[in-house]
> 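I am attaching a structure below and will ask some questions about it afterwards.
The model shown is predicted, which means the values in this text are computed figures rather than measured ones.
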Amino acid sequence: MNGIWYYVIAFILIWVIAIVFKDYLTDHGVEVNFPLLMWKTQRLRGFIDRLANRAPRFWRWYMNAGIVISAGFMILMAGALVYSLKTLMDAPTVSLVVPGVEVPGSPIFIPLLSGLIALATVLVVHEFSHGILARVEKIGLKSIGLLLFAILPGAFVEPDDEELNELSRPAKMRIYVAGSMANLTLAAIAMIIMMVISSFIVPMVFEDDGVVINRLTSDGNAINHMSEGMVIRSINNLTVNDMASFQKATNTLKPNETVNIHTDQGDYSFQLKSNPMNRSLGFMGVQVNANNVIADGFDNQFYTPLLWILMPLSELLFWIYFLNFAIGTFNLLPMKPLDGGHLLENLLSYIMPESAYKPIVTFMSFFMGIIIVVSLVVGLVGIPV
């Protein structure tokens with residue numbers, strides 16, 4: 001079933017329950033205002049206070065370094081976004097990613113379950129880190145909780161705006177960068193654990209035996225000829241033993257040529273389309289994983305079934321890394337209302353008056369926003385020929 005239907009079904013169920021039990025939910029701190037569900041609680045304030053009070057000096061020094069790191073990513077992200085205009089028509093850089101849903105124009109497909117778990121880690125660590133740094137700086141929190149906008153989950157920590165505005169510029173910047181720094185830190189941790197599993201443990205336990213098709217996309221021709229679960233052994237007589245050899249073989253493909261694929265279930269031939277991310281390359285429309293088999297030394301042992309947990313665990317860690325890094329760095333773009341826009345505003349306030357830096361931040365916000373919108377539109381609907 002197309003992933004979008006899971007969201008439709010969840011949307012209907014959640015809102016039917018919310019409307020039917022509105023009075024009960026309201027008595028337990030849930031605000032039901034379609035299309036917004038918001039749950040506020042006091043319990044999380046104590047948890048955030050404990051984390052903030054445990055090592056306030058560490059949090060300040062950590063986020064002082066975070067200001068420098070975030071400023072660097074802000075410049076890199078802005079530069080990358082502007083540079084993407086050069087390849088906008090052939091390979092849009094910005095695209096939507098929705099767990100479990102194939103988004104037109106997006107080269108990335110995020111599995112539903114692992115994608116939702118990873119997205120939850122993004123939201124929780126980002127917002128709670130803002131709250132922790134706010135309490136480190138002795139700022140009151142108006143509200144803390146979880147929200148659901150239509151079907152999109154979120155978390156929020158709302159500091160007192162008046163108290164926030166009275167802080168020094170370094171203190172404000174520490175609060176602004178806290179969310180993205182938490183995302184980048186979690187991304188680094190997930191990547192390290194993933195690399196340990198995939199680079200050391202998995203090669204010791206598993207052996208590569210070709211690549212297996214785990215998904216066929218609607219914008220390629222393979223979907224009309226092949227099936228998920230097939231193991232690809234060769235492409236145009238180039239042997240495919242692992243992911244590296246598969247990538248090497250696909251890099252030789254050209255648009256409109258006929259590709260010949262040998263699999264464990266037979267041979268298949270069909271015409272290629274153009275790769276959405278690089279129109280000079282041919283595109284089959286297949287997404288694959290390494291086809292792993294248990295090595296002889298670990299096969300038929302009492303713990304063998306447990307070893308298969310390593311593969312989905314490694315995949316989950318990858319998406320935790322990917323989404324935390326992608327969303328954390330995106331949030332550092334120099335545009336409001338993103339945290340990067342607030343960071344830019346405070347940095348500029350050191351060298352120029354408000355009458356000068358306010359128009360600059362407004363222009364950057366508008367300029368970055370236009371590039372993002374145009375990239376999304378081009379990715380979704382394409383360029384008229």
Side-chain angles (χ1 to χ4, degrees), residues 36 63-85 92-98 106 118-134 137 139 141-144 147 149 152-159 161 164-165 167 169-187 322-350 354 357-377 379:
L36 183 66
M63 292 309 162
N64 282 336
I67 293 172
V68 178
I69 295 170
S70 297
F73 271 111
M74 180 181 68
I75 296 171
L76 288 174
M77 290 296 293
L81 192 61
V82 172
Y83 184 78
S84 71
L85 292 172
T93 301
V94 180
S95 62
L96 292 172
V97 285
V98 182
S106 175
L119 185 58
T121 68
V122 174
L123 299 172
V124 171
V125 302
H126 186 100
E127 293 301 329
F128 273 49
S129 294
H130 281 310
I132 291 170
L133 265 294
E137 303 297 343
I139 297 298
L141 301 179
K142 289 183 179 179
S143 58
I144 306 169
L147 60 84
F149 182 76
L152 301 176
F156 63 91
V157 174
E158 184 183 8
D161 292 332
L164 179 62
N165 290 331
L167 289 177
R169 283 174 295 197
K172 284 191 284 188
M173 288 190 289
R174 285 194 289 265
I175 295 174
Y176 289 137
V177 305
S180 288
M181 278 302 298
N183 291 138
L184 292 174
T185 301
L186 181 57
F322 176 83
L323 286 179
N324 274 275
F325 183 83
I327 296 176
T329 53
F330 180 86
N331 191 60
L332 290 172
L333 279 169
M335 58 180 291
K336 283 189 170 182
L338 301 182
D339 292 331
H342 293 287
L343 176 62
L344 175 64
E345 188 173 73
N346 279 271
L347 289 173
L348 292 178
S349 69
Y350 278 100
E354 182 175 346
Y357 69 73
K358 284 286 187 180
I360 293 176
V361 174
T362 300
F363 169 78
M364 289 296 295
S365 300
F366 180 78
F367 182 56
M368 296 285 112
I370 288 295
I371 298 176
I372 292 170
V373 170
V374 172
S375 295
L376 289 175
V377 171

> Roughly how far apart are Ile360 CD1 and Ser365 OG, rounded to 0.5 Å?
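Between Ile360 CD1 and Ser365 OG, I get 11.5 Å after rounding to 0.5 Å.
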> Tell me the closest heavy-atom pair linking Tyr357 and Glu345, and the distance in Å.
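The answer is CE1-CG, 3.4 Å.
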> Supply the atom-to-atom distance Ile327 CD1 to Leu332 CG, rounded to the nearest 0.5 angstrom.
12.5 Å
> Out of curiosity, Leu348 CG to Arg169 CZ, how far, rounded to the nearest 0.5 Å?
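Output value for this atom pair is 11.0 Å.
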> Determine the minimum heavy-atom distance between Lys172 and Asn165, stating which atoms define it.
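The pair with the smallest heavy-atom distance is NZ-O, 4.0 Å.
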> What I'd like to find out is whether the side chain of Asn183 reaches to under 4.5 Å of the side chain of Phe330, using heavy atoms alone.
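Counting from C-beta outward, Asn183 and Phe330 never come under 4.5 Å.
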> For the residue pair Thr329 and Met77, what are the closest heavy atoms and their distance?
O-CG, 3.5 Å
> As an exercise, state the distance from CD1 of Ile132 to CE of Met63, rounded to the nearest 0.5 Å.
8.0 Å
> Let me confirm one number: the CD-CD1 distance from Glu127 to Ile144, rounded to the nearest 0.5 Å.
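Result: 11.0 Å between the selected atoms.
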> Taking the side chain as every heavy atom from C-beta outward, state whether Ile372 and Leu333 have any pair of such atoms under 4.5 Å apart.
yes
> Sequence neighbours left out, what passes ring pair (Phe, Tyr, Trp, His ring centres under 6.0 Å) with Phe363? Give chain and number order.
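So Phe363 forms a ring pair (Phe, Tyr, Trp, His ring centres under 6.0 Å) with Phe367.
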> Mind checking whether Met368 and Leu338 have side chains closer than 4.5 Å, heavy atoms only?
no
> Could you tell me which non-hydrogen atom of Leu323 sits nearest to which non-hydrogen atom of Ala118, and how far apart they are?
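That would be CD1-CB, 3.8 Å.
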> Nearest heavy-atom pair of Met173 and Leu343: which atoms, and what distance?
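Closest approach of Met173 to Leu343: SD-CD1, 3.6 Å.
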> Would you name the heavy atoms of Pro159 and Ala134 that are closest together and state the gap between them?
CB-CB, 4.3 Å
> Within the 4.5 Å heavy-atom criterion, are Arg174 and Leu167 side-chain neighbours or not?
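They are not in side-chain contact.
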> Relative to each other, are the rings of Phe73 and Phe325 parallel, tilted or perpendicular (30° and 60° limits)?
perpendicular
> Within the side chain of Ser180, is there an N or O that forms a donor-acceptor pair under 3.5 Å with the backbone of Gly328?
yes
> If you count the non-hydrogen atoms of other residues, nucleotides and ligands that lie under 6.0 Å from OH in Tyr83, is the total more than 12?
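12 or below, so no.
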> Can you check whether His342 reaches Ile175 side chain to side chain, under 4.5 Å on heavy atoms?
no
> How many angstroms lie between CG in Leu184 and CG in Asn331, if you round to the nearest 0.5 Å?
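Those atoms lie 10.0 Å apart.
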